[in-house]
Amino acid sequence: MISNARKTIGVFINQSDGNFENLIYQGVQKRAKELDYDVIFFCTVGTRASGNSYDILERGMFSFAPVERLDGIIAAPNSYEMSNTKDIFFDMLKTRVKCPVVFVRASYKDYCCVSTDEKHAIRPLLTHLIEDQGLKNIAFMAGYPGHADSEMRLNCYKDEMTRHNLPLTERSIFYGDMWKKKGEEAFHFFFDDTTRENRPQAVVCANDYMAFSFIDAVRQNGLRVPDDVIVTGFDNIALSEYFNPSVTTVAQDYETMINAAVDLLDRRIKEEEMGLENDPVHLAIPGRLIRRESSGFFKSGQLNERDIIVEHNKRLQEISLREISQTYFSTLLNSDDTLEAMHETIVQKISDVPHLRCFYLCMFQKPNGVDMAEELTDTCQLVMAIKDREDRGMPMVNFSSELVLPPLDNKKEEPQAYFIMLLHKQKSTFGYSVMQYDEGYCPTMFYHHWNVIISNALSNFSNQKKLRDLYEERRLSSISDSLTGLYNRRGLEERLQPLWPELVEKRAVIGFISYDLNNLKYINDSFGHLEGDFALCAVANAIREATPAIGISARMGGDEYLTALPMHNEEETQAFVEKYQAALENINDNSGKEYRVSASYGVFMITLEPGVTIDDCLRQSDAKMYEAKSKLKRRRDDR
């Protein structure tokens, strides 16, 4: 796809958990490189709770991704929490994907899967609370109904409570959101309208984020963790160690999981090449209990509060500096009104994206291959290229979108990893960005912010272009003749006036040809006004065909026309007249009309001098035409 030198693995993942996402990025890159695969990460963002138009357009990734050209796919389907998004993802797999597919951190019977042993992963934590701590009243904060991982953890909780003959009541289980917005509601569910004796001794949360929010709610309501209630999580995300108190949780062995997924995909790709077909393989990786302060466990050598504060402030400062940088980038980029200006701004600010090595901006093109589209199309244009931190300019090369990138050079490179995000806003999708990072590094949340800023700038650029085009369309309509498409009198003067001072200064020779359509009334009366329009357009078309690039031709009104030929001598002007006459004769010969179209014309040549005006020349040109028309009339009368 991007390289013909090796096979390509596509990775589909949505930004739901930074820890898992980063481990996917790093782990797949590392193992794929060892196995000599290129990797393309098809990145999307959005959560179940956000529900905005941006998330909806992220689904376009499943239409854009050229899965037919991939040799294998690794995906984290449970990361797609936005409404209907998972359904669209599976529809892509069923209708378009022919290559082997392996799921990570998910279990689906029809696909190869590598996941945590969810049926048992949380069991050691419950055993710790029930058997080691001797707790009897344990509540469970589940994710939203239907979340696959949460449901399995909830079932394991129910099994353990039943196995130990512990009570399950209507107050034992609360359904949260797998995020941080339900902590206060969960607290009141568990603690309101209950006696002190019936309050839960521990609340087991289906993931760490809900544990954080519940701990905050406990504090805000005047209780303490773990003194008044023990709180535990699941996933062991980075913040769980630094949270105050640090959170007892279950670690999923993502590193083992990811390596196993890439190895399994490699095996399936090779089996497919040999024509072998095998049933889906399901690998279950054990979880690991991490005991910390939130369950009353105090480990010697643990980070003290001062270390936590220092680390926290360091991260806040880094985030603040990045946000300031992004704000400046947004301000600069949104003030640019051309792609060239946007290119300069991106080149100037690209160093603000940490460890970014390469950046490519690709825009979808309309079928004409010239104009920017605002939807997914089969043709893209490489608008900007920064390779190995070197600005490669604006190639403006068109290519098939299924290639992702056009051939950049003929260098045989080691395996590559690319990160792709669509660029869109509201109802418009403009293109996508392709990024590469230094080895060992991967995108942060600023990768998403960077793309949103570029998307907003492209939207502004598109809107400004539409306004400019509309203005130009109306301007042209005001200086053009709607019937013939030639300039009108105003248009001729608008084109000629800026040239006039220089022509006068150079004492330039200029030719004026005035025309008057013959017998227009006769054609209208005898054949109808549509035929009269044909005659008017026939003369206009003949004039247009003969007019050189430097010439200016106009319909001055009614049946009168004029051509101005700056920098033309008498010989050149006569050649123009002959070309015009031949063009009109050709139109007549091919029209099949019962009449022939003709026009009287007069030629006026002048060497410009100071004081000579356009109006002076137009009057004299008209006089020449009327003189020619009078001669023609006299010849007819003499007959």
Enquirer: Does the ring of Y37 carry R6 above it, NZ/CZ under 6.0 angstrom from centre and within 45° of its axis?
Expert: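 Negative - R6 is either too far from the ring of Y37 or too far off its axis.
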Enquirer: Out of F103, F89, F42, which one pairs with Y80 under the ring pair (Phe, Tyr, Trp, His ring centres under 6.0 Å) rule?
Expert: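 The ring pair (Phe, Tyr, Trp, His ring centres under 6.0 Å) with Y80 is passed solely by F89 among F103, F89, F42.
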Enquirer: Tell me, yes or no, whether the heavy-atom count around K349 atom NZ, taken from other residues, nucleotides or ligands under 6.0 Å, exceeds 12.
Expert: yes
Enquirer: For the pair H355 and Y441, name the ring-plane relationship: parallel under 30°, tilted 30 to 60°, perpendicular over 60°.
Expert: parallel
Enquirer: Holding to side-chain contact (heavy atoms from CB on, under 4.5 Å), I want the full list of residues that pass it with V347, two or more places apart in sequence or in another chain.
Expert: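 With neighbours one apart ignored, the set is H343, I386, D391.
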Enquirer: Return yes if some donor-acceptor pair links the side-chain N/O of R292 with the main-chain N/O of S246 below 3.5 Å, else return no.
Expert: no
Enquirer: Look at the side chain of D388 and the backbone N and O of E390, then say whether any donor-acceptor pair between them is shorter than 3.5 Å.
Expert: no
Enquirer: Within the distance-only criterion (no hydrogens, no angle test), does the side chain of S455 pair as donor or acceptor with the backbone N or O of N451 below 3.5 angstrom?
Expert: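 Flag set: sc S455 to bb N451 pair under 3.5 Å.
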Enquirer: Aromatic rings Y432 and F64: how do their planes relate, parallel, tilted or perpendicular, breaks at 30° and 60°?
Expert: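 Taking F64 first and then Y432, their aromatic rings sit tilted (interplane angle of 30° to 60°).
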Enquirer: Output yes when a side-chain donor or acceptor of D117 lies under 3.5 Å from a complementary backbone atom of P286, and no otherwise.
Expert: no
Enquirer: Using the side-chain contact (heavy atoms from CB on, under 4.5 Å) definition, which of the options V452, I454, I453 pairs with S330?
Expert: I453
Enquirer: Given the side-chain rings of Y175 and Y144, with only the six-membered ring counted for Trp, is the space between their centroids under 6.0 Å?
Expert: no
Enquirer: By the ring pair (Phe, Tyr, Trp, His ring centres under 6.0 Å) test, which pairs, at least two apart or in different chains, include something from residues 323-342?
Expert: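 Residue pairs passing ring pair (Phe, Tyr, Trp, His ring centres under 6.0 Å), neighbours aside: F329-W450.
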Enquirer: Between D337 and Q464, is there a side-chain heavy-atom distance shorter than 4.5 Å?
Expert: yes
Enquirer: Before we go on, tell me: are the rings of F212 and F243 under 6.0 Å apart, centre to centre?
Expert: yes
Enquirer: Hey, can you tell me if F41 and F419 have their rings parallel, tilted or perpendicular (30° and 60° cut-offs)?
Expert: parallel
Enquirer: Which word best sums up how the rings of F187 and F214 line up, parallel for under 30°, tilted for 30 to 60°, or perpendicular for over 60°?
Expert: tilted
